[in-house]
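Some notes on the structure that comes next.
For clarity, every value in this text was computed on a predicted model and none was experimentally measured.
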Amino acid sequence: MIDSKIQESLQGLVANILDSEIYKEYQNQLAMVKERPGLKEKIDEFRTRNLALQTGEHTTFEQLDCFEREYADFREDPLVDEFLAAELALCRLLQKVNRTLVEAIDFE
């Protein structure tokens, strides 16, 4: 069970994130993506394949180059580019929150 002071602070943090321009921009971009049929699924496929290549132990430069060429036109779509940028900004915000907590706590 979480201490009530921690729970209250956590709820405040979540509220502040939800009220942030970064989160609002992400939600705005996501809504626009969902207005175009099939685009969200294509973005999800792109992210899944990209993650697999980035985390693969035996990924070659040739595979990365092929992937980038395959998705070059897709990435040039302003809606795709803006959505992925907004998503990255939100991910970086959440990573910073997590990193700040972990660094501040003496946890070995």
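Here the NZ atom belonging to K96 is positioned 15.5 Å from the SG atom belonging to C91, to the nearest 0.5 angstrom. With rounding to the nearest 0.5 angstrom, the CG atom of L90 is 8.5 Å from the CD atom of Q27. Distance check: L79 CG to E82 CD gives 7.0 Å after rounding to the nearest 0.5 Å. Taking CZ of F67 as the reference point, atom CG of N50 lies at 4.5 Å (rounded to 0.5 Å). Distance check, rounded to the nearest 0.5 Å: NZ of K40 to CD of E45 gives 12.5 Å. Distance check: I6 CD1 to L13 CG gives 13.0 Å after rounding to the nearest 0.5 Å.
Hydrophobic cluster membership for F61: none, as no Ile, Leu, Val, Met, Phe, Trp or Tyr side chain comes under 4.5 Å of it.
By the criterion of side-chain heavy atoms lying less than 4.5 angstrom apart, applied directly or through intervening Ile, Leu, Val, Met, Phe, Trp or Tyr residues, V14 is grouped together with Y26 in one hydrophobic cluster. L51 and L84 are members of different hydrophobic clusters when ILVMFWY side chains are connected at heavy-atom separations under 4.5 Å. A continuous path of hydrophobic side-chain contacts links F46 to L64 [ILVMFWY only; heavy atoms under 4.5 Å]. Cluster annotation: V97 is not connected to V102 through the hydrophobic network of ILVMFWY side chains, with a link wherever side-chain heavy atoms come within less than 4.5 Å.
Nearest heavy atoms, L93 versus S20: CD2-OG, 4.2 Å. The two residues P37 and E35 have their closest heavy-atom pair at CD-O, 3.3 Å.
Taking the side chain as every heavy atom from C-beta outward, E25 and E21 never approach each other to under 4.5 Å. Taking the side chain as every heavy atom from C-beta outward, E76 and D81 never approach each other to under 4.5 Å. The shortest distance between side-chain heavy atoms of I17 and L94 falls below 4.5 Å. Within the 4.5 Å cutoff, the side chain of K34 has no heavy atoms near those of the L39 side chain.
At distances below 3.5 Å, at least one donor-acceptor pair connects side-chain atoms of T59 with backbone N or O atoms of L53.
Contacts of T60 classified as side-chain contact (heavy atoms from CB on, under 4.5 Å), with partners at least two apart in sequence or in another chain: E62, Q63. Judged as a side chain to side chain donor-acceptor pair (under 3.5 Å), and not counting sequence neighbours, the contacts of R49 are E70, Y71.
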Point to revise | Audit row: K24, D19, side chain to side chain contact (heavy atoms under 4.5 Å, CB included) steps and yes/no | key: CA-CA 7 Å; K24 289 176 183 177; D19 194 41; 3.2 Å; yes
**Study point:** F74 and K42: CA distance, side-chain angles, deciding distance, side chain to side chain contact (heavy atoms under 4.5 Å, CB included) verdict
**Key:** CA-CA 9 Å; F74 179 71; K42 289 179 185 177; 3.8 Å; yes
